[in-house]
Amino acid sequence: MAYDEELAERIRELIPPGPERTERKMFGGLAFLIGGNMAVAASGQGGLLVRVDPDEGERLLGDAVQPMVMGGREMVGWLRVAAVDDDEVLREWVERGVAYARTLPPKKNKN
């Protein structure tokens, strides 16, 4: 399944363009990175992937929010958000992912 291009455009509108924001196809979706660290992604499996503080991940779980599972393994600090049709809900998740990515040390560009 290809990622939702409309969702990717909605994310793009929420993260100001600039040198710290990059986009990269990964995990079958389109990831938005801040300082080289993934913040959020339009998932190839539908919905949104969000990077969060690992200490907060469990508290954020709910009906539409589940742990991200890759290769049968739960990824701590990563959440899959299924319901992002509402613009305000999407904004909150994108802001949460961007804010957490900004707390991480920038990665050096490999190019």
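Reckoned from all heavy atoms, side chains included, excluding hydrogens, waters and symmetry mates.
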Original post:
Where is the tightest heavy-atom contact between Trp93 and Leu79, given as atom of each residue plus distance?
Top reply: CZ3-CD1, 3.9 Å
Subject >> Co-membership, hydrophobic cluster, residues Val50 and Leu61, 4.5 Å side-chain >> reply: yes
**OP:** Check Ala8 against Phe32 and note the closest heavy-atom contact, atom names and distance.
**Re:** O-CZ, 3.5 Å
Original post:
Taking C-beta and beyond as the side chain, do Val94 and Val84 meet within less than 4.5 Å on heavy atoms?
Top reply: no
Original post:
Yes or no on salt bridge (Lys or Arg N to Asp or Glu O under 4.0 Å) for Arg12 and Glu9, after CA distance, side-chain angles and deciding distance?
Top reply: CA-CA 5 Å; Arg12 202 174 278 121; Glu9 186 57 37; 2.7 Å; yes
**OP:** Determine, using the 4.5 Å side-chain heavy-atom cutoff (strictly less than), whether Val76 and Leu104 are members of one ILVMFWY cluster.
**Re:** no
**OP:** Can you measure from CG (Leu14) to CG (Asp87) and round to the nearest 0.5 angstrom?
**Re:** 7.5 Å
**OP:** Might you confirm whether atom CD of Gln66 has over 12 heavy atoms from other residues, nucleotides or ligands at distances under 6.0 Å?
**Re:** yes
Original post:
CD of Glu5: more than 12 outside heavy atoms within 6.0 angstrom?
Top reply: no
**OP:** Could you grab the distance from atom CG of Leu60 to atom CG of Asp53, nearest 0.5 Å is fine?
**Re:** 9.0 Å
Subject >> Heavy-atom pair of closest approach, residues Ala101 and Ala39 >> reply: CB-CB, 3.8 Å
Original post:
Atom CD1 of Ile34 and atom CZ of Arg21: how far apart are they, to the nearest 0.5 Å?
Top reply: 8.0 Å
**OP:** Provide the closest heavy-atom pair for Met38 versus Arg51 in the form atom of the first, atom of the second, distance.
**Re:** O-CD, 3.1 Å
**OP:** Following the transitive rule for hydrophobic clusters with a side-chain heavy-atom cut-off under 4.5 Å over Ile, Leu, Val, Met, Phe, Trp and Tyr, establish whether Tyr100 and Leu48 coincide in one cluster.
**Re:** no
**OP:** Take atom CG of Asp63 as the centre, draw a 6.0 Å sphere, and report whether it contains more than 12 heavy atoms from other residues, nucleotides or ligands.
**Re:** no
**OP:** Using atom types as modelled and distance alone, determine if a side-chain donor or acceptor of Asp4 lies under 3.5 Å from a backbone N or O of Gly46.
**Re:** no
**OP:** Measure across Ser43 and Leu49 and return the closest heavy-atom pair with its distance rounded to 0.1 Å.
**Re:** CB-CG, 3.9 Å
Subject >> Evaluation steps, side chain to side chain contact (heavy atoms under 4.5 Å, CB included), between Leu90 and Leu7 >> reply: CA-CA 9 Å; Leu90 178 62; Leu7 176 58; 3.9 Å; yes
**OP:** Decide yes or no for Val40 and Val81: does some side-chain heavy atom of the first lie under 4.5 Å from some side-chain heavy atom of the second?
**Re:** no
Original post:
So among Glu95, Arg96, Arg102, which one has a side-chain contact (heavy atoms from CB on, under 4.5 Å) with Val98?
Top reply: Arg102
